[in-house]
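Note sheet for the following structure.
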Amino acid sequence: MAGRKQVRLPLPTTHYFIPPTPIPRRRQPNASVRPDQELSMSPLAKMPTALRLLPCLGVPLMCVVVLVAVRTATFPSYQTRPPPCNATDQDFIPATAERLDRLGRAITFRTVSYAPGRGTPQELLKLADFIRDSFPLLHSFPLVTREVVGNFSLLYRVQGSDRSLNPGLLAAHLDVVPVTEEPGWEAGPFSGQQKDRFVYGRGTMDTKQTLMGSLEALEFHLKRGHRPRRTLFLAFGHDEEVLGHYGAQKIAELLEKREVKLEFVVDEGFAVTKDFVPGVDKKVALLSVTEKGYLTVRLSVRMKGGHGSMPEKESAIGVLSQAVTNLERNQQPNLWGSGPERDLAEHLATEMSLPHRVIASNLWLFAPVLRWVLTREAATNALCRTTTAVTRFDAGIKDNVIAPEAVAIVNHRVHPRQTIQEVLDHDAKVMNDPRVKIEVLESFDPAPVSPSGPESPAYMAVQETIQQIFPDSLVAPAVQTGFTDARRYWKLTSAIYRFSPNVMGPEDHARLHGVNERISIRDYERTMNFYFHLMRNVDKPLVVRSHEHDGDL
């Protein structure tokens with residue numbers, strides 16, 4: 001149409017719908033899969049999740065396995081191989097009839113300690129006179145002095161020529177524990193009788209054998225013309241069995257007053273053990289480098305008493321029983337690995353059967369497992385922690401009367417890595433009852449841990465002496481579960497070691513403080529030679545030895 005403007009309308013827009021690509025659903029663990037889907041799945045997808053993670057875990061796991069194998073194969077030995085002491089040696093001390101007779105006569109003195117300050121003074125004086133008469137050279141030698149301390153204890157000083165060497169001290173004690181009325185003694189408990197190659201009597205194991213053995217060794221040494229370089233003390237307390245307040249304590253105070261600094265102390269302790277350490281076929285000499293502490297507490301509860309026909313909801317006996325049960329069920333913390341018990345395992349590692357060796361050589365990995373396993377038995381559990389023993393429980397006055405008070409006595413042997421206060425805090429926490437009163441009856445701290453291994457010259461001198469006398473045995477540091485006079489000398493040296501040079505099997509432990517205490521003639525011979533060789537081995541400067549060790553990772 002002429003003259004009219006043409007308008008163009010926009011074309012309509014067309015929308016196209018593109019369906020989204022379907023996302024495969026994740027297969028559920030219990031979902032069924034059709035056969036055609038199984039064919040389309042990759043082999044990796046078919047594997048369980050744990051197996052699919054193996055490629056990720058494989059390399060670290062192999063590294064751990066290789067590291068364990070290398071450490072097991074290359075773990076260093078702590079044992080020494082010194083020339084053994086033989087009966088054919090010119091300086092060997094034989095157990096002659098005369099020497100055995102002296103030991104037997106020492107046993108006949110009934111030097112019993114009953115309680116602190118209560119013993120047998122006349123018997124102690126007789127024993128002291130017997131010792132003086134039995135070793136004439138020692139008591140007349142110009143370099144030897146003898147002092148009586150605390151009325152009955154004996155302190156010998158053998159003057160050395162080299163004043164640059166700190167003195168050493170060998171300790172034993174004169175007293176013994178009482179003999180009970182138990183039957184079964186094969187020889188009189190104070191007879192000192194020889195029977196079937198044993199000497200019987202109270203003190204043959206604790207510790208008149210080390211008392212007489214060290215004196216025999218010193219007498220023998222002096223007879224051979226020895227002139228010592230290092231000053232040596234022999235200290236014999238008279239009341240060790242009742243805590244040593246008036247014996248070893250007075251000796252230590254005397255030495256401290258004289259400003260004596262000791263190089264080392266060697267006192268009684270564990271012996272050479274048989275069948276004691278799992279995985280070790282050889283005998284093991286346990287050289288104690290510390291002692292457990294001691295804590296005895298009195299727990300008491302006072303509540304309303306009355307007639308048994310009208311009881312309250314709770315009683316003193318019930319409350320205290322629950323508190324004691326809580327103590328036994330919630331033991332003190334497991335501290336295995338924080339003290340020298342870890343060193344015991346490592347010092348024996350190279351001599352163990354293969355499975356035990358793998359574990360002991362790799363405590364960086366297996367310590368938690370070993371810590372748990374050791375708690376299964378009472379003897380090894382005592383190495384792991386402060387022990388808790390309920391030793392007495394007293395309550396009640398009549399069958400039909402409700403007791404107004406209940407009392408229990410609990411004895412703790414305190415691990416070297418715990419304090420007395422920490423033990424008390426744990427007790428209060430687990431009993432969790434303010435009605436239970438806690439009273440400390442007696443306590444003393446664990447001993448400081450003395451150094452061990454090649455970095456400790458004194459330890460190595462004792463170890464080499466042990467392996468000279470017991471060449472078929474191993475040596476390892478240990479924790480002394482009992483206590484000795486050695487704790488009185490803490491201020492005088494940091495190197496205190498506890499060892500008794502005789503062999504003890506499982507059947508012998510009951511003899512200590514028990515029926516048929518005895519020592520074999522062979523072991524007494526070893527005791528004399530142990531002290532003789534120890535006197536020789538320490539009569540020189542003691543030097544640190546190098547020892548390569550990778551350490552824990």
Side-chain angles (χ1 to χ4, degrees), residues 76-93 160 162 165-171 210 213-214 217-218 220-221 224 226 228-230 232 262-273 277 280 282-290 340 343-344 346-351 450-478 480 486 493-503 523 525-549:
S77 173
Y78 286 86
Q79 304 305 314
T80 61
R81 297 291 182 267
C85 169
N86 297 312
T88 56
D89 295 342
Q90 291 184 352
D91 59 1
F92 182 83
I93 307 177
D162 190 344
L165 302 179
N166 287 334
L169 186 145
L170 307 180
T210 59
S214 58
L218 182 55
F220 181 80
H221 214 14
R224 289 175 54 84
H226 175 67
R229 295 180 60 188
R230 184 188 299 277
L232 188 66
L262 298 173
E263 185 72 21
F264 62 87
V265 170
V266 177
D267 197 1
E268 64 173 312
F270 286 130
V272 178
T273 62
V277 180
V280 180
K282 295 182 179 180
K283 299 183 185 74
V284 177
L286 299 174
L287 182 50
S288 299
V289 295
T290 185
D343 294 332
L344 186 149
E346 291 190 336
H347 279 238
L348 299 176
T350 57
E351 306 294 332
S450 297
S452 61
E455 292 76 18
S456 172
Y459 177 93
M460 293 306 299
V462 180
Q463 173 173 331
E464 289 193 354
T465 304
I466 293 171
Q467 294 187 305
Q468 282 180 283
I469 307 304
F470 302 91
D472 59 340
S473 72
L474 310 173
V475 179
Q480 185 88 4
T493 181
S494 63
I496 299 179
Y497 305 104
R498 305 151 188 87
F499 175 71
S500 293
N502 53 279
V503 177
D523 269 348
E525 193 171 65
R526 289 177 173 132
T527 298
M528 293 185 289
N529 284 282
F530 169 81
Y531 284 108
F532 171 71
H533 283 276
L534 182 60
M535 291 173 187
R536 289 183 54 183
N537 291 339
V538 300
D539 199 36
K540 59 185 178 182
L542 302 178
V543 297
V544 176
R545 309 178 186 196
S546 61
H547 180 71
E548 295 182 0
H549 194 292

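Remember, predicted model here, so these are calculated numbers, not experimental data. Computed from heavy atoms alone, side chains included, the values below leave out hydrogens, waters and symmetry copies.
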Nearest 0.5 Å, please: how far is [atom2] in [Y] from [atom1] in [X]?
X: Lys282; Y: Asp472; atom1: NZ; atom2: CG; result: 8.5 Å
X: Ile496; Y: Leu262; atom1: CD1; atom2: CG; result: 8.5 Å
X: Asn502; Y: Phe530; atom1: CG; atom2: CZ; result: 10.5 Å
X: Thr465; Y: Leu534; atom1: OG1; atom2: CG; result: 4.5 Å
X: Leu286; Y: Ser473; atom1: CG; atom2: OG; result: 10.0 Å

Report yes if some heavy atom in the side chain of [X] is under 4.5 Å from a heavy atom in the side chain of [Y]; otherwise report no.
X: Val289; Y: Tyr497; value: yes
X: Phe264; Y: Pro457; value: no
X: Phe470; Y: Val503; value: yes
X: Leu165; Y: Pro541; value: yes
X: Phe270; Y: Arg498; value: no
X: Met535; Y: Leu170; value: yes
X: Val538; Y: Glu263; value: no

Heavy-atom donor-acceptor pair, [X] side chain to [Y] backbone, under 3.5 Å:
X: Gln463; Y: Tyr78; value: yes
X: Asn529; Y: Ile93; value: yes
X: Asp267; Y: Ala486; value: yes
X: Asp539; Y: Arg536; value: no
X: Arg230; Y: Lys540; value: yes
X: Thr527; Y: Thr210; value: no
X: Ser450; Y: Ser494; value: yes
X: Gln467; Y: Thr80; value: yes

Sidechain N-carboxylate O distance under 4.0 Å for Asp523, Arg526: yes
Identify the two heavy atoms, one from Gly453 and one from Tyr459, that lie closest to each other, and give their separation to 0.1 Å.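 Nearest pair, atom of Gly453 first, then Tyr459: N-CD2, 3.2 Å.
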May I ask you to decide if the ring planes of His226 and His221 are parallel, tilted or perpendicular, using 30° and 60° as cut-offs? parallel
